[in-house]
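Both ligands and their constituent atoms are indexed starting at 1 by order of listing. The first residue in the sequence is number 1, and the count goes up from there. Keep in mind that what you see is a predicted model, and the values were worked out from it rather than measured.
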Amino acid sequence: MSASKAEAGWHPASWRDRTAGQIPAYRDQQRAEAVMAELARLPPLVTSWEVDALRDQLALAGEGKAFVLQGGDCAESFADCRSDAIVTKLKILLQMSVVIVSGLKRPVVRVGRMAGQYAKPRSTDTETRGAETLPSYRGDIINRNAFTPQDREPDPELMLRAYERSALTLNFVRSLIDGGFADLHHPENWDLDWVQHSPLAEQYHRLVQTVSDGLDFFESLTGKSIDQVRRVDFFTGHEGLHLPYEQAQTRFIERRQGWYDLTTHFPWIGVRTSQPASAHVEYFRGISNPIGLKIGPDTSPAALRGLLQTLNPTNRAGRLTLIHRLGAARIRKVLPELIATVSEAGAHVVWICDPMHGNTETATSGLKTRRLENIVAELEAAFEVHRAAGSHLGGVHLELTGEHVTECTGGARGLTDSDLERGYRTQVDPRLNYEQAMEVALRIAGHGRGV
Ligand code: PEP
Ligand code: CO
């Protein structure tokens, strides 16, 4: 292996020498290794040039010249790899981005939490029901949700099924986008059935009209069409939690002299695996992808300083995105110090606000929920705190679906705890439904003046 290939002792499996949280052991190690070998032979899901293109776009977001919209399910499921579910998710992300573009007057970088978001961190290793205790469900890439010993046993074959489902999803998304589905001249493609019944419909259609008129005006003035608007980029991201899977698709690209995780454009490190000495940090430091790092209220400035150095030693713009998820109640207290830590280190980062994961609570029914008012409050605070500190809020990270679920409360229809049972479909965390997501997009768009 050349010196550049084995930089500072790193190789795609060097994480195995560290404590690896959240990665269950396979009973049949031999089978797990055979699956990894097969995954390593299969073609990559994304290419290094797409990954590099995303890094360049993220660098712009870091300077406040673009805005990242990252969104999708908390956890994808194999069962939801269906055309209608994929189209609906793409539609809501496209609708939100047109609203944000028109408000912020900045390009939007779209990153789906999709085509690979199959591994979930859990707070406990086991789940007990009555007298029976079984391993926790950890996402469709690891085991199955049904509460039986066979279903909960980690099964290496599921890595192959996850790879295939990711490829199917990505193939469909790419075809839709290449076929003109995302053309801003035809936003009527994206109307979801219930748009016309939504209290937000009028505001949305007005914004779309403004963007369309602007395009027509530009094109008639210059005699050129805006190809970049016609064909939008769409990137994928997932939590890079199950390192055996990520490792298997990690390749050295000679032309770029770097290792790439080619399961996705934008993998991120979750809060539960972000300790500076963790296996996950070790794996992520060696890949060339732009990466995300979730920052929680317990991330200390000292830990953050170390992570900035380990994960981006050359201080490359666009390489590192800090996704803060602090909670509406704590963001104003905690974020200023984190921003100060980054600016004192002179580090280039992209700041993204995840207003979901710090605002989860349990309703009286026992269902996990989030209040839209808290989500919006955290987002508004993020804009304010960054502005006051002279840094840029470069994007937002949301759990959402284009479907009409009732998992978060609040919003234009005033959903309450008693509405939750009606349309509660998530396997893990509560997602914004279509209208709630649009409401968040409209709030973001409202930050266009003076940014
Ligand atoms: C998630 O993004 O679904 C998640 C588990 O987030 P966090 O690591 O921030 O808790
Ligand atoms: Co989640």
Side-chain angles (χ1 to χ4, degrees), residues 20-23 68-77 80 89 111-125 136-142 145 162 236-243 246 264 266-276 278-281 283-284 291-299 303-304 307 311 320-328 330-331 334-335 338 351-362 367-372 374-375 378-379 382 395-401 405 407-408 424-433 436-437 440:
Q22 302 285 342
I23 302 181
V68 181
L69 172 62
Q70 188 177 19
D73 292 313
C74 181
E76 288 177 288
S77 70
D80 270 347
K89 215 173 307 165
V111 184
R113 255 183 92 109
M114 61 197 289
Q117 177 55 18
Y118 290 117
K120 293 311 300 172
R122 302 315 305 254
S123 40
T124 52
D125 285 344
S136 295
Y137 168 64
R138 292 182 174 275
D140 281 2
I141 195 172
I142 306 289
N145 204 1
T236 63
H238 64 245
E239 180 173 350
L241 185 66
H242 193 50
L243 296 180
E246 311 296 323
T264 191
F266 182 71
W268 73 85
I269 306 176
V271 140
R272 288 164 195 76
T273 50
S274 65
Q275 307 78 6
S278 73
H280 290 79
V281 169
Y283 171 75
F284 272 74
I291 61 172
L293 174 70
K294 291 277 199 106
I295 304 278
D298 301 326
T299 309
L304 180 56
L307 287 164
L311 293 172
L320 183 60
T321 296
L322 301 181
I323 307 169
H324 51 77
R325 28 86 84 223
L326 304 167
R330 302 184 68 176
I331 180 167
V334 179
L335 185 56
L338 296 171
W351 289 104
I352 288 191
C353 174
D354 164 359
M356 313 298 293
H357 288 89
N359 293 311
T360 314
E361 53 190 297
T362 307
L367 289 172
K368 262 211 255 180
T369 189
R370 293 162 172 155
R371 298 177 205 209
L372 188 69
N374 289 338
I375 291 166
E378 178 161 359
L379 192 56
V396 66
H397 179 117
L398 301 168
E399 287 184 343
L400 55 81
T401 166
V405 299
E407 298 170 6
C408 294
Y424 198 92
R425 293 211 284 273
T426 182
Q427 298 220 38
V428 194
D429 288 340
R431 302 161 296 178
L432 299 170
N433 66 21
Q436 293 166 331
V440 170

Checklist line | Verdict with reasoning, Ser278 to Thr273, per side chain to side chain donor-acceptor pair (under 3.5 Å) | finding: CA-CA 6 Å; Ser278 73; Thr273 50; 5.9 Å; no
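- Using a 4.0 Å cut-off between charged nitrogen and carboxylate oxygen, Glu407 and Arg370 do not count as a salt-bridge pair.
- Exactly one residue among Arg431, Arg425, Arg113, Lys120 makes a salt bridge (charged side-chain N to carboxylate O under 4.0 Å, His left out) with Asp73. That residue is Arg431.
- Separation of atoms CD (Gln436) and SG (Cys408) is listed at 5.5 Å; rounding is to 0.5 Å.
- Taking 4.5 Å as the limit, some side-chain heavy atom of Met356 sits within range of a side-chain heavy atom of Leu432.
- Between Lys89 and Asp80 there is no salt bridge, since no side-chain N of the basic residue sits under 4.0 Å from a carboxylate O of the acidic one.
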Next item on the list: May I have the step-by-step check of side chain to side chain donor-acceptor pair (under 3.5 Å) for Asp429 and His357, ending in yes or no?
Entry: CA-CA 8 Å; Asp429 288 340; His357 288 89; 3.0 Å; yes
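- Each protein N/O/S atom under 2.8 Å from the Co ion (ligand 2) was counted, for a total of 4.
- Enumerated by chain and number, the residues approaching ligand 1 to less than 4.0 Å through a heavy atom are Cys74, Arg113, Lys120, Pro121, Gly270, Val271, Arg272, Lys294, Arg325, His357, Glu399.
- Taking the six-membered ring for Trp and the full ring otherwise, Trp268 and His238 have centroids separated by 6.0 Å or more.
- Applying the side-chain hydrogen bond (donor to acceptor under 3.5 Å, both in side chains) test between Gln22 and each of Arg272, His242, Arg138, Glu239 identifies Arg138 as the sole match.
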